[in-house]
Chemist: 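What follows is a structure written as structure tokens; I'll ask about it next.
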Amino acid sequence: MAKVEVLFFGRMADVAGARRKTCDAVRLLTLRESFFGADVAAVRMSVNQVQVFADQALNDGDEVAFFSVFSGG
Amino acid sequence: MAKVEVLFFGRMADVAGARRKTCDAVRLLTLRESFFGADVAAVRMSVNQVQVFADQALNDGDEVAFFSVFSGG
Amino acid sequence: MGILLLEQPLNAAAAHAEFLVEHGHHGAVAAFTGVVRSESGGVDYLYLDWYPGMTEASIRAIADAAKARFDIREVAVLHRCGRVEAGEPVVFVAAASEHRRAAFEAVDYMMDRLKSEAALWKREVGDGVDRWVEPRGEDAVSLKRWS
Amino acid sequence: MGILLLEQPLNAAAAHAEFLVEHGHHGAVAAFTGVVRSESGGVDYLYLDWYPGMTEASIRAIADAAKARFDIREVAVLHRCGRVEAGEPVVFVAAASEHRRAAFEAVDYMMDRLKSEAALWKREVGDGVDRWVEPRGEDAVSLKRWS
């Protein structure tokens, strides 16, 4: 198990009911499922501030984020 | 003969060698020819501050202008 | 603010600031400032010849056309005439709208029309340079986008 | 000026003034200011959630892409984060160029990309209103013009 920092932004912070958590995790998609279940179509994710679109293994100290679609400007 | 004020702007002021003249004239194109001869392709004209593109009779007190193509902005 | 033809220096920063205060609440403000280029081939200043009355009317017609054509709330057009030194603003155009696309397009449109339909005559003067400027081919191409 | 993500009020007039002083000599300065609309259906303020580090990087990537794509000399992007009251600027974008078309297009392009590719999350809060905003269909259409 890797110890990772998990951050939540936008609507996903409301859905998860958290802004930040420290978690033990092995893979990104498993971690996402633990917060959002199977209904993940709207959940974007990043690892170490780089947006990612597929599963990957997590390492100790990784910073993972889950967030809704961007809306700036 | 009508007595008209004639103004010159842009390059046409250089060509005519004048900025303003008072002239006796009957028709617009005859007046234009008196300043620019037959080489009038680049000479635009207005009567009483409205741009015109064809000949017309002139009346006492009309303000005629001859000028080159606009270049603002 | 509306339409102004100025023989004195044009303060584009102040014009933009005032336009934001008065019309920014609509949501979207697009602006364009044209400055006499200081690095361009020896031009020390522009001289913009103008026809008092007709020049203002031609600029107003362009602003009115923009307001009729685009979904915008307000426009400003400030244009210099007379002698404009290198580095000084020659034109400032702004539009306020609830929609950013309309604001952009209105400013773009007004600039295109000002280049060739405002009653102004531009002369470039500098070291060994003294020429009347006519609209360039790219100005005509740009203008044609709106027809 | 470059890229700034601001938790404090954004002074768009001062930013425009500074940009003109520093980069106006190139000849063409286009600018866009987005303000939180005060008249729009009971919104008192926006809250822009952001991801420190990633948000700045995403904005910088958009500015760099504009510089690579258009014939422009300099850009500025100032974007608010946190709580932005109705009537306050939320974004200021500017581009300086020798060519007005390039300056216009660069600002237009950056605004389109900021709407959907900057790492920001916009919430509208007001009288009976509290909702996360997602990019609208027209934003996607506008963005597609550049692809």
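Chain letters run A, B, ... following the sequence lines, proteins first and then strands; every chain starts at 1. Values below: every heavy atom of this structure, side chains too, minus hydrogens, waters and symmetry copies.
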Chemist: Donor-acceptor pair, K122(C) side chain versus G73(B) backbone, under 3.5 Å?
Modeler: yes
Chemist: Is the count of non-hydrogen atoms from other residues, nucleotides or ligands lying under 6.0 Å from D60(B) atom CG greater than 12?
Modeler: yes
Chemist: Could you check if a side-chain atom of E63(B) sits within less than 4.5 angstrom of a side-chain atom of Y51(C), using non-hydrogen atoms only?
Modeler: yes
Chemist: Verify, without hydrogens or angle tests, whether Q49(B) (side chain) and P52(C) (backbone) share a donor-acceptor contact under 3.5 angstrom.
Modeler: yes
Chemist: Taking atom CZ of R20(B) as the centre, report whether more than 12 heavy atoms of other residues, nucleotides or ligands fall under 6.0 Å from it.
Modeler: no
Chemist: Just wondering, do F67(B) and D49(C) contact through their side chains at under 4.5 Å, heavy atoms?
Modeler: no
Chemist: Any side-chain heavy atom of M54(C) sitting closer than 4.5 Å to one from S46(B)?
Modeler: yes
Chemist: If you look at every heavy atom in V133(C) and S71(B), which pair is closest and at what distance?
Modeler: O-OG, 2.7 Å
Chemist: Hey, what's the ring geometry for W121(C) with F9(B), parallel, tilted or perpendicular (30° and 60° as the breaks)?
Modeler: parallel
Chemist: Could you check which of G34(C), A119(C), S116(C) has the highest count of heavy-atom pairs closer than 4.5 Å to chain B?
Modeler: A119(C)
Chemist: Would a 4.5 Å heavy-atom cut-off, applied to side chains only, mark R123(C) and R11(B) as touching?
Modeler: no
